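What follows is a short report on a single structure.
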Amino acid sequence: HSLHGYFLRPGKTDTPVIYLVEPIRNGKSFSTRRIVAIQYGEAIFSMDASFHDREPGLTHQLDMLAVPGPETLVDDRTIGASSEDPDQQWAMRERPFEVRSVYQRGTPATKVTSFPSWIRFLEPVTDDQHLHRYLLAYASDMNLVATARQPHRDTVGRNEVRMASLDHAIWFHHDINVNDWLVYIKESPQGGAGRGFNRGAFYTRDGQRVASTIQEGLMRVVQKTADKA
């Protein structure tokens with residue numbers, strides 16, 4: 001139902017990863033695992049994950065922002081293909097999700113305080129709820145780190161800032177269906193000291209909040225001299 005991971009080193013998709021899993025606790029309703037991912041003998045990622053048997057309880061949520069539906073928007077890749085703006089071309093990367101951003105090309109950064117995007121998996125997914133959660137965990141990292149640059153978009157270009165996820169957490173509140181559109185509402189409450197703090201929420205079409213995210217990322221303006229890394 002929740003995880004908190006730290007990105008320690010770059011990983012390579014063409015190289016096997018060794019996962020070391022430590023059972024921290026097995027309780028009656030909650031269990032905890034600690035995971036370390038290793039490549040070339042070095043830790044590239046670490047994570048604590050909590051598992052919870054579903055049970056009834058009090059329910060409340062913050063309501064979803066009023067946003068236009070996905071059918072009224074254009075796919076980000078279509079916009080990126082017709083633009084020379086580095087921000088728009090960033091959307092051209094190959095990804096397994098279709099993304100339709102609410103605020104698209106031409107929206108002044110100073111006019112935007114949150115950054116909603118509709119997402120949907122490109123291929124049909126079986127009813128295995130574990131798989132839907134795995135895929136949403138992947139999607140939750142898409143463009144979240146870049147949210148911290150949005151308030152500075154008019155003064156700092158995408159190629160002028162170095163960005164990377166540092167740590168990332170996600171909580172699953174209800175069952176997920178990545179076969180249908182979900183709106184991912186992202187915002188950045190704070191930035192400074194070379195880092196940007198971001199948070200997000202996933203809602204269904206009918207306004208049910210199904211997951212929440214928090215992330216801090218590197219946001220370092222590129223220096224013309226050697227980067228201090």
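Because only heavy atoms are used, hydrogens play no part in the values below, and waters and symmetry mates are left out as well, while side chains stay in. Here the structure is a predicted model, which is why all the values come from computation and not from measurement.
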For the residue pair [Y] / [X], report whether a side-chain donor-acceptor contact shorter than 3.5 Å exists.
X	Y	value
S101	D76	yes
S188	N198	yes
T126	D128	no
N177	R120	no
D141	Q215	yes

Taking all heavy atoms of [X] and all of [Y], pick out the closest pair and write down the distance.
X	Y	value
T213	S140	CG2-CB, 3.6 Å
V222	N159	CG2-O, 4.2 Å
A211	L136	CB-CD2, 3.7 Å
Q39	T15	NE2-O, 2.9 Å
E187	P189	O-CD, 3.6 Å
V102	P68	CG1-CD, 3.9 Å

Determine whether [X] and [Y] make a side-chain contact, defined as any pair of heavy atoms from C-beta on separated by less than 4.5 Å.
X	Y	value
D48	L3	no
H52	S29	yes
L144	H168	yes
D175	H132	no
R209	M64	no
V67	W118	yes
P23	R33	yes
K186	R199	no

* Asked: So R34 and M47, side-chain contact (heavy atoms from CB on, under 4.5 Å) or not? Walk me through it.
  -> CA-CA 6 Å; R34 181 168 296 152; M47 182 174 76; over 6 Å; no
* Asked: Between R220 and V161, is a side-chain contact (heavy atoms from CB on, under 4.5 Å) present by the stated rule, with each step listed?
  -> CA-CA 6 Å; R220 180 182 294 161; V161 62; 5.7 Å; no
[X] with [Y], same ILVMFWY side-chain cluster at under 4.5 Å:
X	Y	answer
I18	V21	no
F51	Y134	no
V183	L73	yes
L20	I44	no
V145	L218	no

* Checking R149 side chain against V156 main chain: does a donor-acceptor pair fall under 3.5 Å? ->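 Answer holds: yes.
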* Exam field: side chain R25 to backbone T32, donor-acceptor pair closer than 3.5 Å ->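 Here the side-chain-to-backbone pair does not exist.
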* Asked: Below 6.0 angstrom between ring centroids: does that apply to H1 and F172?
  ->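 Aromatic pair excluded; centres sit 6.0 Å or further apart.
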* Remaining members of I214's ILVMFWY cluster at a side-chain heavy-atom cut-off under 4.5 Å? ->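 Its cluster partners, ordered by chain and number, are W171, F197.
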Kindly compute the distance separating [atom1] ([X]) from [atom2] ([Y]), expressed to the nearest 0.5 Å.
X	Y	atom1	atom2	answer
R54	Q129	CZ	CD	7.0 Å
I35	E22	CD1	CD	10.0 Å
S50	I24	OG	CD1	11.5 Å
S117	I185	OG	CD1	9.5 Å

* If you draw a 6.0 Å radius around CG in L62, do more than 12 non-hydrogen atoms from other residues or ligands fall strictly inside? ->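 Check fails, neighbour count at 12 or below.
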* To do: Please step through side-chain contact (heavy atoms from CB on, under 4.5 Å) for the pair D180 and L182, ending with a clear verdict.
  => CA-CA 7 Å; D180 197 4; L182 296 167; over 6 Å; no
* side chain to side chain donor-acceptor pair (under 3.5 Å) contacts touching residues 57-72 (sequence neighbours left out) ->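 As it turns out, the side chain to side chain donor-acceptor pair (under 3.5 Å) pairs with a partner in residues 57-72, which skip direct neighbours, are E71-R205.
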* **Option passing ring-ring contact (aromatic ring centres under 6.0 Å, His included) with Y184 (candidates F202, Y203, F97)** =>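 The ring-ring contact (aromatic ring centres under 6.0 Å, His included) with Y184 is passed solely by F202 among F202, Y203, F97.
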* To do: Kindly determine whether N179 and V125 satisfy side-chain contact (heavy atoms from CB on, under 4.5 Å), including the steps that lead there.
  => CA-CA 6 Å; N179 291 315; V125 180; 3.6 Å; yes
* Parallel, tilted or perpendicular: which describes the rings of H4 and Y6, with under 30° parallel and over 60° perpendicular? ->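 Plane angle under 30°, so parallel.
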